[in-house]
Amino acid sequence: MSCDYGPAGTVREPAPRKGADARAPEADGKARNDPPRADEDKAEGDEGAAGSDAPEEGDVKKDQGKKQEEERERAAGRFKEHTRDPLAEEQGEDGTTDLAAASRARRATRMLFDTGRDLNSFDRSYFQSAHIGDIHLRMDARHSGAGMRSGPVPDEELRRLRRVHVEPQGYVQLRNALGARRLLVLGAAPGTGRTSTALSLLDEVTGPAADATGTEPGAGSRVRRVDPDGGVRKLAGSLAGEGEEARRGTGYLLELSLTGPGALPPDEMDLDGLAAALARCESYAVVVVTVGSAANPLLAGRYGRLCPPAPTQELLTTRLRERLEEHVAAAQDGEVRLEDLLAGAEELAVRRDVKDAVGLKDLRPAEAELLASLLAAHQLGEVPRDELLAGCRSLAADQAQEWFAGVDRALTAPPAEPEGGAGRPGTAALFHPVAFRIALAVLGGASHSAVAAAAHLLTWELSVQCDPDHTPARPLFCDDPEADLALSRAELTDGRLEVAGTEVPARLIWYRGSALPSAVLTEIWDRHFPVRAPIVRWLRLLADDPRPQVWMRAAVAAGELCARDFDHGYAELIRPLAEAATPRRRIFAATTLDQAAGHASHRKAVRKLVDDWSRYGTKALRWTAAMALGYGNAADTTEDALDALARIGVRDDGEQLAVASFNAVRLLALPDGAKVLRRMADWTHHKRAEYQDLGLVTTVRLAVTSVDEVLSDEPDSPLADRADWPLPLALAVSRPELVLPMADLMWSALNTARSKDVALDALESLLRSAVRGDGTEGTRPGLAALLPALATEENDRRRLDWLLRRMMNDPEDPLPDAQARTLWWLAVPPKERTGEEDSHG
């Protein structure tokens with residue numbers, strides 16, 4: 001057997017021959033078929049171990065020089081170093097890393113953005129306002145009352161309200177509370193129908209049925225809106241005759257804004273004074289406030305009540321009926337039945353493409369009105385399907401625009417404080433709801449505590465960007481989780497998170513609608529350019545967070561932002577993080593690149609960039625390129641990806657073998673797994689030692705990699721139901737045609753001196769996975785498929801025998817005898833058993 005020489009002039013043994021030429025099964029009946037026993041002579045075990053070292057060469061020559069032996073030991077040490085995980089240098093040499101948890105977080109986050117929306121072609125301004133037949137679609141319906149400061153509510157509006165208002169849960173209790181105290185403080189999130197509910201309540205308590213005389217105030221004066229600038233005190237003063245003459249039996253609607261800088265809520269004495277003034281003139285008032293820390297004292301008092309949103313289905317049905325009644329009334333031919341049209345429109349509303357386009361679990365009144373208009377118009381043949389879907393997509397975009405439009409308008413005005421003051425008050429409190437919505441768009445599906453902490457970080461960045469001369473003050477005990485949920489259309493669910501390799505229960509938070517994360521990111525990135533700087537700084541902070549649920553989700557969201565403006569994203573996020581010193585930041589950059597490559601418009605640019613990095617980049621850029629290649633989107637073909645990984649892995653005496661091999665294994669989870677195994681075999685049997693090492697390291701890496709670490713986000717992946725299995729065993733069951741190539745590669749690693757020790761340890765981990773820690777069956781089907789192909793020769797079985805006995809005699813974790821026997825018989829095909837197995841039962 002000829003020798004190969006390594007880079008330092010040292011002798012390397014050549015990689016063993018591969019395939020059937022090197023592993024022809026023995027035909028002379030000498031194969032060992034006895035299962036191992038724990039109480040056998042240790043000397044026999046040592047003999048088996050010696051026989052496992054290059055069986056085709058015989059026993060190791062006893063006269064080998066000491067220098068050559070030391071070099072082999074050093075080579076084995078370097079080989080073990082190359083099989084470490086990419087995050088090992090940050091998380092410890094022997095401990096578990098968070099690659100599997102990061103992979104799961106990535107798959108979950110990509111699902112949030114995979115809603116059928118092309119962020120690069122959708123233009124929300126397309127459907128701002130339109131006339132379709134006799135139906136007027138108002139995309140800005142929720143803003144229609146914004147300019148109405150004070151004055152009577154028109155009778156026409158009250159009549160329509162009686163016809164279409166949908167009562168929220170607990171409406172009767174709200175009416176009784178208003179009737180008893182004459183004053184109600186109603187708290188809810190904007191856009192949830194709180195104003196309509198307030199008007200409906202006032203209409204009922206001030207109507208003719210509520211008046212013993214049966215009379216009502218003059219037309220248009222029974223329900224009035226009140227200018228919010230004066231607040232509660234001004235309204236109470238006007239009722240006492242200090243401003244305008246008090247109107248008996250009138251209902252007053254006052255919408256207070258408590259989010260502006262320096263805004264203070266009325267205290268309980270102010271409310272008592274208003275209630276007394278209302279009682280004197282037999283009138284009523286509803287004060288509408290936005291839920292949040294500022295409104296909590298009002299809502300917790302005797303006048304406060306929360307206003308639940310109206311049920312979505314009833315809202316939509318009511319609005320649909322209103323729209324279709326107008327059409328049936330105009331037709332006057334009797335051929336069109338209202339119930340038929342209504343049933344068809346409701347059936348259309350639950351179609352998959354329409355629901356995905358809407359992307360909202362709950363509809364608010366203005367959204368239900370728009371959707372009803374679109375469905376009715378399509379049902380009547382006035383709107384084609386593409387325009388219907390475009391209008392549906394605008395719902396989430398319009399919500400995002402409302403959330404962020406003019407948030408800091410009051411802060412941009414000259415401050416009213418005296419010279420040398422402490423800064424504008426309330427900056428952090430103003431930005432916190434905004435920051436929470438952005439954090440939820442980026443980290444949706446993470447724990448509530450992680451999203452809240454990230455929101456506080458972003459609140460700081462936004463506050464400093466808006467007012468850099470002053471340090472923002474953040475109250476420590478004013479957070480309101482329920483208000484955060486209401487103001488962000490979010491929900492909490494019970495789930496589980498992985499912490500240091502162990503699953504723990506957690507409260508997870510999501511948007512109530514798949515369209516909202518993309519809509520929020522699109523809104524802030526496209527329409528509010530000054531906010532990019534604090535968000536970039538914030539994302540870099542998240543890249544350093546040790547929790548996979550945070551940094552991996554942030555990386556995917558960063559990729560979506562880069563798809564909106566790749567030039568800006570590359571300069572501010574991708575390139576700086578790709579050259580960072582820490583592996584986690586480089587993985588962040590690689591994940592961002594892959595997410596951008598998921599958009600067809602950016603795929604070519606990303607592939608060219610990664611190819612250049614793999615050829616000409618610095619050490620850090622080559623490392624990042626390898627991680628990007630492992631996702632499967634950063635090269636035109638699998639062969640191109642493997643070529644680039646080989647360039648990275650063999651360069652500089654294999655300095656980056658670890659990251660190159662890991663990402664070659666990641667490609668095995670894709671449909672082109674057979675091509676990857678063929679390339680690994682070519683590397684293993686290459687004439688150059690650097691390629692041999694790449695093939696051997698990748699083989700061992702394959703054996704110690706779990707499916708969870710490399711699973712793609714394809715919903716129909718055959719590996720998805722074996723996420724906790726070692727990858728080779730899952731592949732052996734799901735893709736039997738890969739068994740022999742994998743066995744050949746593992747055999748080569750076991751019979752090469754510099755890799756045999758690590759390969760034996762990897763084989764032991766595969767064997768121990770047969771039974772789970774709780775005693776249930778684990779990967780036995782995979783071992784039953786792989787072990788017979790791995791132990792076809794007598795020497796292979798002698799090695800397996802020695803390894804099993806070593807596991808049985810392990811002082812820390814001994815393998816039970818029964819499990820050892822079961823594993824032995826899995827490796828020995830039934831036709832090769834000699835009948836002696838009966839004596840070992």
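Excluded from the calculations below are hydrogen atoms, water molecules and symmetry mates; all remaining heavy atoms, backbone and side chain alike, are included. Residues take their numbers from the sequence shown, with the count starting at 1.
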#### Entry: Y511 and K361: CA distance, side-chain angles, deciding distance, side chain to side chain contact (heavy atoms under 4.5 Å, CB included) verdict
CA-CA 9 Å; Y511 268 119; K361 285 187 177 181; over 6 Å; no
### Audit row: V287, L184, side chain to side chain contact (heavy atoms under 4.5 Å, CB included) steps and yes/no
CA-CA 6 Å; V287 179; L184 180 68; over 6 Å; no
### Task
Take L395 and L360 through the test side chain to side chain contact (heavy atoms under 4.5 Å, CB included) and record every step on the way to the result.
CA-CA 8 Å; L395 292 174; L360 299 172; 4.0 Å; yes
### Message
Between F436 and I509, does the side chain to side chain contact (heavy atoms under 4.5 Å, CB included) criterion hold? Intermediate values first, please.
### Response
CA-CA 11 Å; F436 193 90; I509 184 169; 3.7 Å; yes
### Query
Could you walk me through whether R584 and D545 pass the salt bridge (charged side-chain N to carboxylate O under 4.0 Å, His left out) check?
CA-CA 9 Å; R584 185 181 293 112; D545 194 293; over 6 Å; no
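The structure places CG of D362 at 4.5 Å from OG1 of T312, a figure rounded to the nearest 0.5 Å. Once rounded to the nearest 0.5 Å, the distance linking CD of Q401 with OG of S394 reads 10.5 Å. Note: L521 CG to E560 CD = 7.5 Å, rounded to the nearest 0.5 Å. Here CZ of R722 is found 12.0 Å from CG of L711. Values are rounded to the nearest 0.5 Å. Between S488 atom OG and Q399 atom CD the span is 9.5 Å, to the nearest 0.5 Å. Atom-to-atom distance recorded for L375:CG and C392:SG is 6.0 Å, nearest 0.5 angstrom.
Looking only at distances, a side-chain donor or acceptor of R603 sits under 3.5 Å from a matching main-chain atom of A597. Judged purely by atom type and a 3.5 angstrom limit, T624 uses its side chain to pair as donor or acceptor with the backbone of A578. For R586 (side chain) and A581 (main-chain N/O), a donor-acceptor pair under 3.5 Å exists by modelled atom type. A donor-acceptor contact shorter than 3.5 Å is absent between the side chain of T776 and the backbone of R772. In this structure, the side chain of T192 does not engage the main chain of A188 through any donor-acceptor pair within 3.5 Å. Between the side chain of R437 and the backbone N or O of A400 there is no donor-acceptor pair closer than 3.5 Å. With hydrogens and angles disregarded, a donor-acceptor distance shorter than 3.5 Å links the side chain of R553 to the backbone of G444. Here the side chain of Y631 pairs no donor or acceptor atom with the backbone of R666 at under 3.5 angstrom. Not a single donor-acceptor pair under 3.5 Å links the side chain of T705 to the backbone N or O of L727. Between the side chain of E523 and the main chain of V520, no donor-acceptor pair closer than 3.5 Å is present.
Salt bridge D594/R106: present, at least one basic N to carboxylate O contact under 4.0 Å. A salt bridge links R489 to E367: at least one charged side-chain nitrogen sits closer than 4.0 Å to a carboxylate oxygen. Salt bridge D353/R351: present, at least one basic N to carboxylate O contact under 4.0 Å.
Applying the side chain to side chain donor-acceptor pair (under 3.5 Å) rule to R305 yields no partners; only residues at least two apart in sequence or on another chain are considered. For the side chain to side chain contact (heavy atoms under 4.5 Å, CB included) test, residues two or more places apart in sequence or in another chain that qualify with S449 are S447. Taking F566 as the reference, H602 meet the ring-ring contact (aromatic ring centres under 6.0 Å, His included) condition, with sequence neighbours excluded. Residues that satisfy the ring-ring contact (aromatic ring centres under 6.0 Å, His included) test with Y570, not counting sequence neighbours, are absent from this structure. Under the rule for a side chain to side chain donor-acceptor pair (under 3.5 Å), the partners of Y171 that lie at least two apart in sequence or sit in another chain are S200, E204. Considering only residues two or more places apart in sequence or on other chains, D544 meets the salt bridge (charged side-chain N to carboxylate O under 4.0 Å, His left out) condition with R585. Qualifying side chain to side chain donor-acceptor pair (under 3.5 Å) partners for E482, counting only residues two or more places apart in sequence or in other chains: none. Partners of E346 by salt bridge (charged side-chain N to carboxylate O under 4.0 Å, His left out), not counting sequence neighbours: none found. Qualifying side chain to side chain contact (heavy atoms under 4.5 Å, CB included) partners for W525, counting only residues two or more places apart in sequence or in other chains: R532, I535, V536, L561, R564, D565, H568. Legend: residues meeting salt bridge (charged side-chain N to carboxylate O under 4.0 Å, His left out) with E167, ordered by chain and number and at least two apart, are absent. Scanning for salt bridge (charged side-chain N to carboxylate O under 4.0 Å, His left out) contacts around R575 gives E579, with sequence neighbours left out. When the side chain to side chain donor-acceptor pair (under 3.5 Å) test is applied to R302, the partners found at least two apart in sequence or on another chain are E268, D272.
Nearest approach of A439 to V451, heavy atoms of both residues: CB-O, 3.8 Å. Taking both residues in full, the closest heavy atoms of V550 and A450 are given as CG2-CB, 4.0 Å, listed atom of the first, atom of the second, then distance. The two residues L462 and A435 come nearest to each other via the heavy atoms CD1-CB, 4.2 Å. A pairwise comparison of heavy atoms in E402 and P190 identifies OE2-CB, 4.1 Å as the closest pair. When all heavy atoms of A372 and L316 are compared, the pair lying nearest together is N-CD1, 3.9 Å. Scanning both residues, W538 and I438, for their nearest heavy atoms gives CZ3-CG2, 4.1 Å.
Within the 4.5 Å cutoff, the side chain of D484 has heavy atoms near those of the H432 side chain. Under the 4.5 Å side-chain criterion, counting only non-hydrogen atoms from C-beta, P517 is not in contact with V442. Contact annotation: the side chain of H448 never approaches that of L508 to less than 4.5 Å [non-hydrogen atoms, C-beta and beyond]. V291 places none of its side-chain heavy atoms less than 4.5 Å from the side chain of D480.
With hydrogens and angles left out, the side-chain atoms of R194 and T290 include a donor and acceptor closer than 3.5 Å. For the residue pair T493 and W510, a side-chain donor N or O sits within less than 3.5 Å of a side-chain acceptor on the partner. In this structure, a donor-acceptor pair under 3.5 Å is present between the side chains of S706 and E709. A donor-acceptor contact under 3.5 angstrom links the side chains of R537 and Q465, judged on distance only. Under the 3.5 Å distance criterion, with hydrogens and angles disregarded, a donor-acceptor pair is assigned to the side chains of Q313 and T317.
No option in L174, L186, V185 other than L186 meets the side-chain contact (heavy atoms from CB on, under 4.5 Å) test with V286.
The 12-atom threshold is exceeded at CD of E491, counting heavy atoms of other residues, nucleotides or ligands nearer than 6.0 Å.
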